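As the structure is a computational prediction, the values presented were derived from the model and not from experiment. Counting starts at 1 for both ligands and their atoms, following the listed order. All residue numbers refer to positions in the sequence shown, counting from 1.
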Amino acid sequence: MAGTAPFAKMNGIGNEIIVADMRGRADRVTAAAAVALNADASTRFDQIMAIHDARTPGTAYFVDILNSDGSGAQACGNGMRCVVQALAAETGEKTFTFETVAGILNAREHADGSISVDMGTPRFGWRDIPLAEEFRDTRMIELQVGPIDAPVLHSPSAVSMGNPHAIFWVDADVWTYELDRFGPLLENHPIFPERANITIAQVTSPDSMIIRTWERGAGLTKACGSASCAAVVAAARTRRTGRSVNLLTPGGGTLHVEWREDDHVILTGAAEWEFSGSFDPSTGQWARDTESAA
Ligand SMILES: N[C@H](CCC[C@H](N)C(=O)O)C(=O)O
């Protein structure tokens, strides 16, 4: 054991995030530590964002992402905003270049405190998402839940934002769907060999939508940044919206997504610090900093 590491419990408009400072050390946050931290009500989280020393010239940090079930994730937009806020407060810098398993990613803190993350470019190929079988057109794939002749949810769009997403379009209030029941079935459906993040989206105007997400490896969350990006890209691709959209998320917060003409997807929103502490990255045992707010 290499000693405890500092962490900050934060949230990205309700997406529960632990930012772990793993700089200067060679070990990683283990799946067991993630599961233990998530089992404690005070540190329950959706993702851990572990900041490591840079591995690649031109990047400032490597960020490792873990879901609350201990599995890895390639992308977490809300978590990246928390990382940016924590590092901006520490360093005074406003712009950052990170490396994640999904590639290089730029982010910026604005004067009003909001943070934009360049989530990179979406991918639509069935092998890239990935899907288990060929779909020539992933704007609408064959998948449904509920009675075969009257499906409750069907024909989602599929997108990779580095991580796999399926977006089900609905006309009714997103809260009328039992996403807690359908989410696990869809997340683990054989069509998604690496599982998937499952979103239901109601488009309310050409520049607004309401979404709920069942996250792969984390379940229902108050917001999901990469799902917001996936939903906007899929909506624009199917002519449901334009390329600049505000999303109302389940926690009541709003995110903005712009799918730029250069194909990059920019996610903008707030991040909030809650308390700080230190933890053992191998076991998840932790203690709150005494000067930290409750
Ligand atoms: N909450 C995250 C998404 C985590 C994705 C993760 N659940 C996975 O792909 O396994 C976000 O803001 O983008």
Side-chain angles (χ1 to χ4, degrees), residues 9-19 29 31 34-35 38 44-50 63-86 98 100-103 105 107 114-123 128-131 156 158-167 179-180 183-184 186-189 192-199 201 211-234 247-251 253-257 259 264-272:
K9 173 65 187 58
M10 304 184 69
N11 74 78
I13 64 160
N15 202 179
E16 307 291 352
I17 305 292
I18 290 177
V19 176
V29 179
V35 169
N38 191 52
R44 179 153 302 152
F45 68 92
D46 301 320
Q47 275 79 41
I48 294 178
M49 311 294 292
V63 181
D64 201 23
I65 308 170
L66 289 92
N67 287 313
S68 53
D69 71 353
S71 64
Q74 301 95 331
C76 177
N78 291 330
M80 286 312 301
R81 292 202 314 281
C82 294
V83 168
V84 168
Q85 190 186 80
F98 300 103
T100 68
V101 288
L105 181 158
S114 68
I115 294 157
S116 292
V117 180
D118 181 342
M119 299 286 287
T121 56
R123 281 177 298 161
D128 297 322
I129 292 169
L131 301 174
V159 182
S160 169
M161 283 306 310
N163 55 351
H165 290 272
I167 316 293
L179 191 55
D180 53 340
L186 292 165
E187 173 193 359
N188 294 293
H189 192 282
F192 303 119
E194 294 178 15
R195 303 190 286 159
N197 297 287
I198 306 298
T199 293
I211 64 167
R212 287 176 73 204
T213 302
W214 175 273
E215 284 193 26
R216 174 179 71 166
L220 290 176
T221 57
K222 292 205 186 86
C224 179
S226 52
S228 301
C229 296
V232 171
V233 163
L247 300 101
L248 180 61
T249 61
T254 302
L255 288 171
H256 181 261
V257 171
W259 185 16
H264 281 243
V265 183
I266 313 299
L267 172 72
T268 302
E272 184 183 33

Report yes or no: does a heavy atom of [X] sit under 4.0 Å from some atom of ligand 1?
| X | answer |
| --- | --- |
| Ala75 | yes |
| Asn15 | yes |
| Asp46 | no |
| Ala218 | no |

What protein heavy atom is closest to [atom], reported as residue, atom name and distance in Å?
| atom | answer |
| --- | --- |
| atom 2 (C) of ligand 1 | Cys76 SG, 3.1 Å |
| atom 10 (O) of ligand 1 | Arg216 NE, 2.7 Å |
| atom 12 (O) of ligand 1 | Gly225 N, 2.6 Å |
| atom 5 (C) of ligand 1 | Asn163 ND2, 3.3 Å |
| atom 6 (C) of ligand 1 | Asn67 OD1, 3.2 Å |

With a 4.5 Å heavy-atom cut-off, do [X] and [Y] have their side chains touching?
| X | Y | answer |
| --- | --- | --- |
| Trp214 | Cys224 | no |
| Leu131 | Phe192 | yes |
| Val159 | Ile129 | no |
| Lys9 | Glu16 | yes |
| Glu215 | Gln47 | yes |

Electrostatic pair Glu187:Arg195 at N-O distance under 4.0 angstrom: yes

Those atoms of ligand 1 less than 4.0 Å from some heavy atom in Ser226: 3 (C), 11 (C), 12 (O), 13 (O)

Mind checking side chain to side chain donor-acceptor pair (under 3.5 Å) for Thr199 and listing every partner two or more places apart, or none if nothing turns up? Thr213

Within reach of ligand 1, part of [X] (heavy-atom separation under 4.0 Å):
| X | answer |
| --- | --- |
| Ile65 | neither |
| Gln47 | side chain |
| Asn78 | both |

Whether Arg123 side chain and Ser160 backbone form a donor-acceptor pair below 3.5 Å: no

For ligand 1, find out whether one of its N or O atoms is nearer than 3.5 Å to an N or O atom of Gln74. no

Roughly how far apart are Leu255 CG and Leu267 CG, rounded to 0.5 Å? 5.5 Å

